[in-house]
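Note sheet for the following structure.
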Amino acid sequence: MQQVARFQSITLITPTAAIAADAHGGRAKCLQRLVRLDLPVPKTIALSFDAVSQIAKGQMPDMAGILAPFGYDPLLSIRPSSQDPDWGGPGAILNIGMNPSQHRRLCDRMGEPAATRLYLRFVQSYAVHVHRLDPEAFDFPDCTDSEALKRSLEAYEFEADEAFPDDPAVQLAEALRSMARAWDGTSARLLREAKGAPADAGLGLVVQAMAMGLGDGECGAGVIQYVNSNTGMPQVTGRYVAQSLRRQALIDADNAIYLTRDKRGPSLEDRSPAVFEQLIAIGDICRRTLREEMAVEFTIESGTLWILDAVRVPRASQAAVRIAVALACDEIIPREEAVMRIQPTALTELLHRQVDPRAQRDIIVKGIAASPGAATGRIVFTSNDAQASAARGEGCILVRRETTPEDIRGMHAAHAVLTMRGGITSHAAVIGRGLGLPCVVGASALIIDRKEGCIVAADGRKFAEGEIITVDGTTGEVLVGAPVMVEAALDDAFQTLLQWADDVRDIGVRANADTPDDAQTARNFAAEGIGLCRTEHMFFSGDRLGVMREMIFADNADDRRAVLDRLMPMQRADFAALFEIMAGLPVCIRLFDPPLHEFLPSDKAGLRDLSEQLALPVAKVTERVAALAEYNPMLGMRGVRLGIAIPEIYEMQARAIFEATVDANKNGAGVVPEIMIPVVSAMREVELVKSRIDAVAASVRTCRKYDFEYRLGVMVETPRAALRAEDIAQHAEFLSFGTNDLTQMTYGLSRDDAGRFMSAYVQQGVYAEDPFHSLDIEGVGELLSIGAERGRKGRSNITLSLCGEHGGTRSAIDFCRKQGFDYVSCSPFRVPGARLSAAQLTLIDKMKPAI
Ligand code: PEP
Ligand code: MG
């Protein structure tokens, strides 16, 4: 049996006609809404996706049926109507129906020169855009309009081998056919697919009676919107060109006049106050009933206003947030809908300066976008030079093959970081995100030529030390020079939206923060605490590195303890600062993790400096550094292994944490510190460390005559810790999954080297995505589920969280919510996006029908 089509292929748009966005496209549906609002919309016919697809195949619809509602001798426009306006479509074709008799009528109405110009434009546009003839054959720059019209008609006949069609039905049929076919072209398909359109996306077309912006009285065309596209603030903007047709008004900057009254020149408000008022009222009606800020396209025909179209105002991220919040504040949309309307990635954009989307981009190289935002500065190749540059007040970009912990001061001083090696969890990437520093890593096509003091791009261009470049950590591109930037925008609308997100979300969001600056950023972004403080980062700054090195070189436990006694007050001050900033919110401090050799220099100059500092022969220092080297440091003596082998380090840290807690609590802070043990793989490790930390706690309680509580937990970042979570939970009040190491160890994939082949792996579909970037739900996720389930078996009220770099991603947040985790923890700059993602996921779940 033949299926009855859901919609007619040709439908006159009336308030009650059966029109749907998924059958006729967004423009047709929007026009129907405008018609329902009783706005003055010229008569319009909608052609369905089916009809247009048939036209592309050569099956023409009933042309008489399309033309009938427009009466005798119509003048029409055709515009595309794809399902989502962002998917684009072929350009509009205006003035279908122009022929000698129409020309005569228009001569009477608007005068011969205007009518002839219109006719000429139509012939040229029809020849080039409908019949696809060579534009040069229709270019007569030295002729008058009427001569050019005559020659254009002749040229058409010559080029097309037929007379120019006068019959509106023929013109319409040909124009429909050319637009339908353009939609099927390869480049149009690729363009819309890049914007998310499905392969079989349909095109609708709307055929509308032309409103003439030419003639007697106030005539013209324009576009008006009621908010600023960059900021979202209320502002009437747009343009109006008297005596013009739609397309001309959009491009004719020279003749455009202001819309609102303006001292600098004439305005529509002055020329036609009644029409202007009508337009303002229409903006308000559209906003309230279409629940959106619209840009309205209009034509004035001898003083009468026609609304031709309305589209969602194009908007930058800052404007998107303000518009959504304002609509909710005016009770036009619910708050939940405002929360749903904003992409979390758009929020991230607002936290950083960005390259202006309209700026020219001269790309030197593209690497991995590791930390968002953009910064411009002079190229430097060493951390010392970065610091010197900062001291001179000059912004710089630190360019390194890869960064190591020794570069931390240089990174602090730089405006952005660029590395040739490393992936999304490499040192540069993690620190960059923590500092909110734009960062591009793994730019492997770039070569550093240290001899010549320059970087060399794949195309051979050289950029010398001191030259200005821009790192765009949002796109992963490195650009020549200093393109125009747009500033970060944390305005009241941003804060309001996130407050609404917090009201609905059902999973906590903490920040990974190592320094007081990080903690302050975390507070500014309303993180609910610190989920991971990597304490080793505290040893790389200031004068601590020297003391740390002395500790590493100590010959015995007593000497080591003596040096650690000097480090303890520094650590205590670090923790005190974090507790103060976090004001009673939980702070989870991870005990020392990396291998000790990371604190030692690797080059000759560094070794010489160190031998001077320690008053030891260079040979001895070199020998000691070599002795500490490991074949595979990531799997070597790090984390709890170091804590077991050299217990004094953890004891010092525990004492510093507890003393800072006592000091804070004496001032009424109510701190309950959380201490986390890294790289655990066996229950006995936890037991041993716990008993030592308990002993330190008892000693501090006695010495300071002050009681306090603390929570001890385990970082689950080895597969074995996940599998043995039940045992481990006997001694741990919380488990925090470190998915960076857990991914590394589950895949057996070095997080610092994966960048070298990851793109080949992703391109060939070996991995759907870089698992360091996007949580591998199937594999690593299974270990997380097992760890969570077994952890709960060991301790029913155990706190569960995820603190790897994945913590800020939507898919990981989704996974953690489903597993009933208590919170995720991510870099401070990812906190707002995580809060919004968590809220959106909660709302999506609420909207699902109960099964
Ligand atoms: C992890 O391994 O997931 C983690 C958070 O720790 P780090 O990145 O410091 O190894
Ligand atoms: Mg780790």
Side-chain angles (χ1 to χ4, degrees), residues 370-371 402-405 408 422-435 439 441 510-515 518 522 530-540 588-595 598-599 632-643 653 674-681 685 713-722 734-754 770-776 779-781 783-784 787 800-809 812 815-816 821 823-828 830 834:
S371 175
E402 63 193 318
T403 62
T404 64
I408 192 92
I424 200 77
T425 63
S426 62
H427 179 266
V430 171
I431 301 293
R433 283 194 293 275
L435 297 176
C439 179
V441 298
R510 293 198 196 177
N512 295 350
D514 313 326
T515 62
D518 288 350
I530 293 179
L532 173 63
C533 167
R534 294 172 160 109
T535 51
E536 60 276 6
H537 291 169
M538 296 166 161
F539 295 103
F540 288 113
C588 179
I589 299 164
R590 179 179 77 184
L591 299 173
F592 196 82
D593 181 3
E598 283 202 4
F599 292 86
N632 195 342
M634 271 295 180
L635 301 180
M637 195 157 89
R638 56 175 286 214
V640 69
R641 298 162 198 163
L642 198 62
Q653 290 196 295
E674 296 176 356
I675 298 182
M676 183 153 73
I677 312 173
V679 202
V680 164
S681 56
E685 290 168 327
V714 162
M715 192 154 175
V716 179
E717 47 189 344
T718 67
R720 194 175 191 283
F734 60 90
L735 299 179
S736 188
F737 291 86
T739 47
N740 301 336
D741 273 309
L742 194 56
T743 300
Q744 166 165 266
M745 297 193 211
T746 304
Y747 277 85
L749 188 66
S750 159
R751 57 198 264 196
D752 294 315
D753 299 306
D770 178 348
F772 290 108
H773 202 92
S774 170
L775 182 67
D776 160 43
V780 179
L783 275 173
L784 258 60
L800 297 172
S801 60
L802 186 156
C803 65
E805 288 307 314
H806 305 92
T809 63
F815 179 82
C816 290
F821 280 28
Y823 66 88
V824 292
S825 189
C826 54
S827 309
R830 297 180 86 175

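Read the numbers this way: they start at 1 and go in the same order the structure lists the ligands and their atoms. Computed from a predicted model, the values in this text were never measured in an experiment. Residue numbers count from 1 along this sequence.
Counting the atoms of ligand 1 from 1 in the order shown, those under 4.0 Å from a heavy atom of Cys803 are 5 (C). Residue Arg751 has at least one heavy-atom neighbour below 4.0 Å for each of these atoms of ligand 1: 2 (O), 7 (P), 8 (O), 10 (O). Residue Met715 approaches ligand 1 through these ligand atoms, each under 4.0 Å from one of its heavy atoms: 1 (C), 4 (C), 5 (C), 6 (O). Annotation for ligand 1: atoms under 4.0 Å from non-hydrogen atoms of Gly804 are 3 (O), 5 (C).
Rounded to 10 degrees, the OD2-metal-OE1 angle spanning Asp741 and Glu717 at the Mg ion (ligand 2) equals 100°.
In this structure, of Glu717, His806, Gln744, His537, the residue bringing a heavy atom nearest to atom 2 (O) of ligand 1 is Glu717. Considering only non-hydrogen atoms, atom 1 (C) of ligand 1 lies nearest to Asn740 out of Leu802, Thr743, Asn512, Asn740.
In this structure, His537 and His427 have perpendicular ring planes: the angle between them is above 60°, well past the 30° mark.
Side-chain contact between Cys803 and Asn512: present, with at least one pair of heavy atoms (C-beta onward) separated by less than 4.5 Å. Annotation: side chain of Val716 is not in contact with side chain of Ser736 (no heavy-atom distance under 4.5 Å). Side-chain contact check for Met745 versus Arg720: every heavy-atom pair is 4.5 Å or farther apart.
Considering backbone and side-chain atoms alike, Leu742 places every N or O at 3.5 Å or more from each N or O of ligand 1.
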Set out, in order, the CA-CA distance, both residues' side-chain angles and the distance that settles side-chain contact (heavy atoms from CB on, under 4.5 Å) for Glu536 and Glu598, then state yes or no. CA-CA 10 Å; Glu536 60 276 6; Glu598 283 202 4; over 6 Å; no
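Remark: the Ser426 side chain and the Glu402 side chain contain no N/O donor-acceptor pair separated by less than 3.5 Å.
Under 4.0 Å from ligand 1, the heavy atoms of Leu532 that appear belong solely to its side chain. At a 4.0 Å heavy-atom cut-off, ligand 1 touches Thr739 through the backbone alone. Heavy atoms of Arg590 found under 4.0 angstrom from ligand 1 belong exclusively to the side chain.
Put simply, the side chain of Arg534 never gets that close to the backbone of Arg590: no donor and acceptor are under 3.5 Å apart.
Protein heavy atom at the shortest distance from atom 9 (O) of ligand 1 is Arg534 NE, 2.7 Å.
Ion pair Glu674/Arg510 flagged as a salt bridge, since at least one NZ, NE, NH1 or NH2 atom sits closer than 4.0 Å to an Asp/Glu carboxylate oxygen.
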